[in-house]
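Scope of the values below: all heavy atoms of this structure, side chains included, with no hydrogens, waters or symmetry mates. Sequence lines set the chain letters: A, B, ... in the order given, protein chains first and strands last, and positions in each chain run from 1.
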Amino acid sequence: MRDLTDAPKDLNAALLDWYDVHARKMPWRVSPEARKAGERPDPYRVWMSEVMLQQTTVAAVRDYFHRFTSRWPTVRDLAAAEDAEVMGEWAGLGYYARARNLLKCARTVVADHDGRFPADHAALLKLPGIGPYTAAAIASIAFDLRHTVLDGNVERVMARLHDVHAPLPAVKPDLMALAEILTPTERPGDYAQAVMDLGATICTPKSPACGICPWRAPCRARARGTAPDLPRKTPKKAKPTRQGIVFIGQRTDGAWLLETRPETGLLGGMLGWPGSEWVDSGSALSETGAPAEAPWDALPAEVRHTFTHFHLILEVRVARLDSAVTPTRGTFVPAQGFRPSDLPTVMRKAFDLARAHF
DNA sequence: AAGGCGGGGCA
DNA sequence: TGCCCAGCCTT
């Protein structure tokens with residue numbers, strides 16, 4: 001019985017042929033002509049894009065990538081940035097530990113690696129915010145080393161190609177083994193991007209375009225009609241709902257009363273409005289958390305927002321603060337120094353609700 | 001091994 | 001409204 005894994009050369013040749021024609025144009029890639037001339041992409045830009053792309057779509061990343069690389073063109077520029085500048089520029093992209101680790105990583109590369117990303121998978125893996133996927137992506141894409149990327153796209157492609165029905169995440173090591181078999185010695189960087197492009201544009205989660213897939217002939221899920229149902233996943237549990245109160249105060253001189261959240265935990269290191277604890281719906285709403293003595297006015301509407309693992313309903317209270325007031329928490333940010341875009345999305349929603357009041 | 005950690009797009 | 005999805009880190 002001839003197995004798929006006996007013919008990896010035919011498979012990745014077909015994929016690379018497809019990629020040479022259909023590669024997605026992305027800001028962190030070099031043009032096909034430059035690539036044929038032997039030019040490699042800038043490891044700094046590859047790293048930046050891959051960190052932004054963790055759990056995030058290309059469409060959401062594009063503008064952020066342009067802003068970051070324009071403002072900080074090299075890893076040395078980024079390493080020299082202030083924490084608050086980087087966190088503010090990341091605001092709205094989510095998973096804020098990535099931004100904290102981005103800065104840590106840049107500073108480590110400058111301090112320990114002379115400002116150059118190491119062309120070595122194990123060394124990359126030691127850097128903050130770089131896990132198995134990102135290390136393999138940088139090693140292959142930036143340095144053309146033979147490493148296998150296994151992201152959600154590749155998991156899906158492998159599960160379908162081999163018609164694997166066992167559910168994720170338990171089956172992940174098996175999918176990794178299958179992906180490794182197919183990884184070529186020639187052009188491993190292009191191959192890595194090709195598999196991921198295939199997953200993003202052809203082998204999509206719903207209604208895959210099997211008819212135009214370069215792997216339609218060998219694909220076992222296509223033959224059995226199971227492709228749209230793969231990969232299977234173990235069910236996730238329901239999100240609880242929590243509730244809380246935020247206080248949006250503006251001093252008579254226009255300054256806003258804000259606070260920087262603790263480094264760790266939800267929205268860690270981000271700017272936000274002071275407020276109560278967030279408690280499970282059903283338990284009593286805590287009335288604590290007001291950052292200053294003032295006649296707080298409750299807004300008639302509330303903010304609804306969903307995080308990774310819970311829903312949140314936020315009451316918003318607003319007040320004009322006397323210039324003599326001394327806040328018990330937070331600091332005043334002058335009006336001209338405050339950009340709503342520096343806020344994470346839930347805090348920006350609260351501000352959007354409140355700004356009509358001022 | 002399991003859980004914390006955003007946000008946008010879609011039906 | 002609820003469901004989907006492009007990892008890493010901590011415990």
Side-chain angles (χ1 to χ4, degrees), chain A residues 24 26 28 46-65 87 90-102 104-105 124-138 141 148-159 167-173 175-176 179 192-208 228-242 261-270 272 278 303-313 341 343-349:
Chain A
R24 306 169 85 186
M26 301 205 269
W28 44 88
V46 173
W47 162 72
M48 178 80 71
S49 67
E50 289 299 342
V51 172
M52 288 181 169
L53 287 165
Q54 290 165 7
Q55 305 290 91
T56 310
T57 60
V58 170
V61 162
R62 267 207 168 83
D63 290 346
Y64 282 87
F65 179 82
M87 299 312 289
W90 196 276
L93 196 56
Y95 285 119
Y96 298 98
R98 294 185 296 171
R100 301 194 297 273
N101 285 329
L102 190 82
K104 273 188 209 160
C105 182
L124 289 166
L125 202 48
K126 289 194 177 79
L127 293 168
I130 297 183
Y133 163 77
T134 307
I138 298 171
I141 297 171
T148 301
V149 294
L150 187 70
D151 68 346
N153 285 307
V154 183
E155 287 172 357
R156 186 169 58 254
V157 171
M158 290 302 133
L168 285 167
V171 79
K172 188 169 171 166
L175 298 178
M176 182 59 161
Q193 294 174 93
V195 194
M196 292 192 283
D197 275 17
L198 188 72
T201 64
I202 302 283
C203 197
T204 52
K206 289 168 289 187
S207 21
D229 306 320
L230 298 177
R232 293 182 53 203
K233 304 195 173 183
T234 54
K236 49 201 74 165
K237 48 187 209 176
K239 297 182 201 299
T241 298
R242 297 178 189 165
R261 300 173 60 87
E263 276 296 304
T264 56
L266 191 75
L267 308 178
M270 297 301 292
W278 298 347
V303 171
R304 289 175 179 273
H305 187 77
T306 299
F307 292 101
T308 311
H309 54 296
F310 66 94
H311 305 287
L312 178 66
I313 299 173
S341 64
L343 296 172
T345 299
V346 66
M347 296 295 172
R348 189 182 46 70
K349 284 182 184 175

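Among the protein residues, A:Gly92 comes within range of the sugar-phosphate backbone only, with heavy atoms under 4.0 Å from sugar or phosphate atoms but none that close to a base. The residue A:Arg348 sits apart from the nucleic acid: no heavy atom pair falls under 4.0 Å. Across all strands shown, A:Lys233 has heavy atoms under 4.0 Å from sugar-phosphate atoms exclusively, and none from any base. Residue contacts for A:Gly265: at a heavy-atom cut-off of 4.0 Å it reaches the sugar-phosphate backbone alone, with no base atom in range. A:Val58 comes within 4.0 angstrom of a nucleotide base, judged by non-hydrogen atoms across all strands. Among the protein residues, A:Thr134 comes within range of the sugar-phosphate backbone only, with heavy atoms under 4.0 Å from sugar or phosphate atoms but none that close to a base. Here A:Leu53 lies in heavy-atom contact (under 4.0 Å) with a base.
Checked by atom type and distance alone, the side chain of A:Arg156 pairs as donor or acceptor with a backbone atom of A:Cys203 at under 3.5 Å. Remark: the backbone N or O of A:Pro228 is not paired with any side-chain donor or acceptor of A:Lys206 at under 3.5 angstrom. The main-chain N or O of A:Gly92 is never found under 3.5 Å from a side-chain atom of A:Arg348 such that the two would form a donor-acceptor pair. In this structure, the side chain of A:Arg261 does not engage the main chain of A:Gly272 through any donor-acceptor pair within 3.5 Å. Side-chain atoms of A:Arg98 come within 3.5 Å of backbone atoms of A:Gln54 as a donor-acceptor pair (strictly under, hydrogens ignored). In this structure, the side chain of A:Ser49 engages the main chain of A:Val46 through a donor-acceptor pair within 3.5 Å.
Of the candidate nucleotides B:dG4, C:dC8, C:dA6, C:dC8 has the atom lying nearest to any side-chain atom of A:Gln54. Taking the side chain of A:His309 as heavy atoms from C-beta on, and the options B:dG6, B:dG4, C:dA6, the nearest nucleotide is B:dG4. Comparing C:dC8, B:dC5, B:dG7 by their closest approach to the side chain of A:Tyr133 singles out C:dC8. Taking every side-chain heavy atom of A:His305 into account, B:dG7 is the closest of C:dC5, B:dG6, B:dG7. Side-chain atoms of A:Arg304 lie closest to C:dT1 of the nucleotides C:dA6, B:dC5, C:dT1. Taking the side chain of A:Thr345 as heavy atoms from C-beta on, and the options C:dA6, B:dG7, C:dG7, the nearest nucleotide is B:dG7. Candidate nucleotides C:dG7, B:dG7, B:dC5 were compared by shortest atom distance to the side chain of A:Pro344, and B:dG7 ranks first.
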Quick one: which protein N/O atoms are closer than 3.5 Å to N/O atoms of nucleotides 9-11 of chain C? Pair and distance per line, please.
unit_1 : atom_1 : unit_2   : atom_2 : d
C:dC9  : OP1    : A:Gly129 : N      : 2.4

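Classified by interplanar angle (parallel below 30°, tilted 30° to 60°, perpendicular above 60°), the ring pair A:Phe307/A:His305 is perpendicular.
Both A:Phe307 and A:Ala59 sit near DNA chain B, but only A:Phe307 has its closest nucleotide nearer the 5' end.
Side-chain nitrogen and oxygen atoms of A:Tyr96 include at least one within less than 4.0 Å of the OP1 or OP2 phosphate oxygen of B:dG7.
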